Protein chains: 4
Amino acid sequence: MTDSRQPDSTRRSERSRRAIYEAALALVGEIGYAKTTIEGIAARAGVGKQTIYRWWPSKAAVLLEAFLDLAEQAAQGETEIPDTGDLAADLRLVLRATVDEMNSPAYDAPARALAAESVVSPELAGQFVHKLLEPQLQLYVKRLRAAQETGEVRTGIDLRIALELFTGPLAHRWLLRTLPLTHEYADEIVDYALNGLAPRP
Amino acid sequence: MTDSRQPDSTRRSERSRRAIYEAALALVGEIGYAKTTIEGIAARAGVGKQTIYRWWPSKAAVLLEAFLDLAEQAAQGETEIPDTGDLAADLRLVLRATVDEMNSPAYDAPARALAAESVVSPELAGQFVHKLLEPQLQLYVKRLRAAQETGEVRTGIDLRIALELFTGPLAHRWLLRTLPLTHEYADEIVDYALNGLAPRP
Amino acid sequence: MTDSRQPDSTRRSERSRRAIYEAALALVGEIGYAKTTIEGIAARAGVGKQTIYRWWPSKAAVLLEAFLDLAEQAAQGETEIPDTGDLAADLRLVLRATVDEMNSPAYDAPARALAAESVVSPELAGQFVHKLLEPQLQLYVKRLRAAQETGEVRTGIDLRIALELFTGPLAHRWLLRTLPLTHEYADEIVDYALNGLAPRP
Amino acid sequence: MTDSRQPDSTRRSERSRRAIYEAALALVGEIGYAKTTIEGIAARAGVGKQTIYRWWPSKAAVLLEAFLDLAEQAAQGETEIPDTGDLAADLRLVLRATVDEMNSPAYDAPARALAAESVVSPELAGQFVHKLLEPQLQLYVKRLRAAQETGEVRTGIDLRIALELFTGPLAHRWLLRTLPLTHEYADEIVDYALNGLAPRP
DNA sequence: TAGTAACCGAGACGGTACGTCCCGTCTTCTG
DNA sequence: CAGAAGACGGGACGTACCGTCTCGGTTACTA
């Protein structure tokens, strides 16, 4: 009945885990994801390679956890889209913040790396979406539902689809760098998209 | 005047080039981009490794050219978004076709690989966007401009931004596999987005 | 004090070392030194290339050690030139044995390869001479010194030079294959050379 | 009746041949034989690779011809061992000259390279011995025969063997760099060896 | 309080692929 | 048609990492 080859996580070294997170994020920031190696992370963290292989299945998994850990620390409190009663204003605020985040190097490098890996690896994508992306998208659903109740958004709209009118364009510009990501762009997107969701006259 | 160490392209072997394209696309389709190696492409194409290194700077560059070549052959004629006078219908048609393409394995594998690499490599992204993506997006600009003239789209709209309301959401779902890409989804996107671009009452 | 990037030799795999010796000697015997490659040795030994590069600086160094190992096993006991009281007879015996050795394929191939490399590489020559050749030559010095004491060789002779009258000609014929190496030739050399070392009448 | 794949040597470019000789000797002197490549010789000589492959079968063959050409120019006239009536003096002179030659870099590099290749390649060795070495050794035979007639060397001696008492030791020291090659050493060798060839009292 | 089981840093190991260098052949164009 | 130039298929180089595997050493729970 017993068995399984999993190690005993109660004896896990917290110190090593944190060192690995830091080394992984630092290396991805400094030399990029492709040139970051497990050996490099281990060396930088002052850790044996086996300690990484024991707890993570891949380089991408290490980075995902490191990034989640980072995001968790960063997101202390601000886990809601504000509701001032003015939907357009609220969305502009959030989308502008997103634009700023995407333009900040500390966030950009690891997030891009994870996104790129996710594009190509369904397993990682699943984790990435489930643990990071979807929870954030659900915040939009929640805010849009509130707006639906106040009549700012017409009934019959599929909110899970509607939110993609806001996030999709931003993500697209960010991922493929087609054109610059600016506050003005964010505002414009909010303007056009919101118009599409408004009640028909 | 300049110089540069480029080889003499007039003496290039056409046979080798085509064999490399085919090998690259086949391998990416069969075993995935990550497991596709330059040695593997060379072996499959019956070509020396140096012949690849002589003409391309990286695995991604090979695949990009191979994919462009493929796209060029595929896109014989259909280089326009139809204009039946009914913008919504025309866009639904195009977006449904795009959905089908994204769901077809032959297109999916190399396109994903290139997109993933582009996310992480600005150089490749530049090529990818300039040679493949932007020309396609300009077709939307053209069609939307026609619609603007017939009054289906209100004046003052930035069409280069507007088109992203259609393509952004699709791209997002495709890249990160958040939710299934269906014709219904495409229709919904057209519905919501077009509403946002319509003349104000 | 120093440092150096040498690996930890206490953890070295004895099994791999022996396999590499055997593979190297076998390949040199079968296909010749020039066609023997490090990749080939590694493959034949069932070993990673890095395991060779970790412990040896070059193909020649591998072969030298393999050959030394072989010579060590072969030379169990016979580490002296016999002293029957008859110098000429003793030298004939030794030189005939040397001739036989040089004519035996198992010895010939690796020994030639090492000699050839030594001709061209002072570093290897140093090792080759110090570890293999000079110890053997000192046996001649010892035997000749005994002969000097019995009056068979005249005083005032530099024995380190004298021995070269015996070994030099043999080596020359062997290395450049000018003429066949026979027992009769060895006897003749002993005859002429010993005459030159005998006390003046 | 015609045939054979040999090119027409009457149309051969003398200019190219000389440039190849010079490039080969220069490269062997500067970077060593092992690092000298046919491509490198061609580039340095300003010659196409095919021009080398057309006329020579191997790198070693090029160098051999280049060296023979060099030796031919150097040996204008002095094609004899002097005969002053004093055999010992004559041999000391020749052996000292040989020592000097072996110690001169211009001679040393290509000669070592050819010797090393010859050790390992019977074909080249044949050429090397037949065209370069044996003619020189025959000069010793001639001089020793003269000495035999004057009674300085005893009858019954095989002169082709006898000469190796002089040249063998020198060659040995030179090839394997066991000990320094000096005039004193040459004198000693002449002394010991000649004693061995002298008529028995 | 000793024994022992596991994680840990370290790094050697059998491998795969890298990107480079040359090999010897072949092809194209020039004198 | 020899020769300069150099692209080609091929193979080995020496390096970098992969993921697995021992090897002491150091904890931290059991007997």
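In what follows, every chain begins at residue 1, and chains take the letters A, B, ... in the order their sequences are listed. In this text, all values refer to a predicted model and were calculated from it rather than measured experimentally.
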Length of the CD1-P vector between A/Ile41 and F/dA16, whole Å: 18 Å
What integer distance in Å separates C/Trp56:CH2 from E/dA12:P? 14 Å
Atom-to-atom span, CD1 of B/Ile52 to P of F/dC8 - whole angstrom: 11 Å
Is the side chain of D/Lys59 donor-acceptor paired with the backbone N or O of D/Tyr33 at a distance under 3.5 Å, no angle test? yes
Residues which pass side-chain contact (heavy atoms from CB on, under 4.5 Å) with D/Glu72, listed by chain and number, not counting sequence neighbours: none
Taking OH from D/Tyr53 and C1' from F/dC8, how many angstroms apart are they, rounded to a whole number? 14 Å
Between the CG atom in A/Leu124 and the CG atom in B/Leu176, the distance rounded to the nearest 0.5 Å is 10.0 Å
Between atom NZ in C/Lys59 and atom C1' in F/dA12, what is the gap in whole Å? 10 Å
Rounding to an integer number of Å, can you tell me how far C/Asp8 CG sits from F/dT22 C1'? 12 Å
Say you draw a straight line from CD of C/Gln50 to CD1 of C/Ile38; how long is it, rounded to the nearest 0.5 Å? 10.5 Å
Applying a 4.0 Å non-hydrogen cut-off, can you work out what A/Gly46 is touching in the nucleic acid: base, sugar-phosphate, or nothing? sugar-phosphate
Examine distances only and state if a side-chain atom of C/Ser118 and a backbone atom of C/Leu114 form a donor-acceptor pair shorter than 3.5 Å. yes
Using whole Å, report how far CD1 of A/Ile38 lies from C1' of E/dG15. 16 Å
Can you work out whether C/Arg15 or B/Lys49 has the more 5'-proximal nearest nucleotide on DNA chain E? C/Arg15
Any C/Trp55 side-chain nitrogen or oxygen under 4.0 Å from OP1 or OP2 of E/dC13: yes
Given 3.5 Å as the limit, does a donor-acceptor pair link the side chain of A/Arg112 with the main chain of B/Val119, or not? yes
Polar side-chain contact A/Gln50-E/dC7 base: donor and acceptor under 3.5 Å: no
Measuring from B/Leu63:CG to B/Ile20:CD1, what's the distance to the nearest 0.5 Å? 13.0 Å
Side-chain N or O of D/Ser16 versus OP1/OP2 of F/dA4: is the shortest distance under 4.0 Å? yes
Please report the distance, rounded to the nearest Å, between CD in B/Glu39 and C1' in F/dG9. 14 Å
Let me spell it out: for each of B/Thr36 and C/Arg12, pick the nucleotide of DNA chain E with the closest heavy atom. Which residue's pick is nearer the 5' end? C/Arg12
Is there a side-chain polar atom (N or O) of D/Thr37 under 4.0 Å from OP1 or OP2 of E/dC22? no
Enumerate the protein-to-nucleotides 26-29 of chain F contacts in which both atoms are nitrogen or oxygen and the separation is below 3.5 Å.
residue: F/dT27; atom: O2; partner: A/Arg11; partner atom: NH2; Å: 3.3

Looking at B/Arg54, I'd like to know whether one of its side-chain N or O atoms comes within less than 4.0 Å of OP1 or OP2 on F/dC8. yes
Does C/Thr51 have a side-chain nitrogen or oxygen under 4.0 Å from the phosphate oxygens OP1 or OP2 of E/dA12? no
So what does B/Thr10 hit on the nucleic acid, given a heavy-atom distance under 4.0 Å: a base, only sugar-phosphate, or nothing? nothing
What's the separation between atom CZ in D/Arg12 and atom CZ in D/Arg17, rounded to the nearest 0.5 Å? 5.5 Å
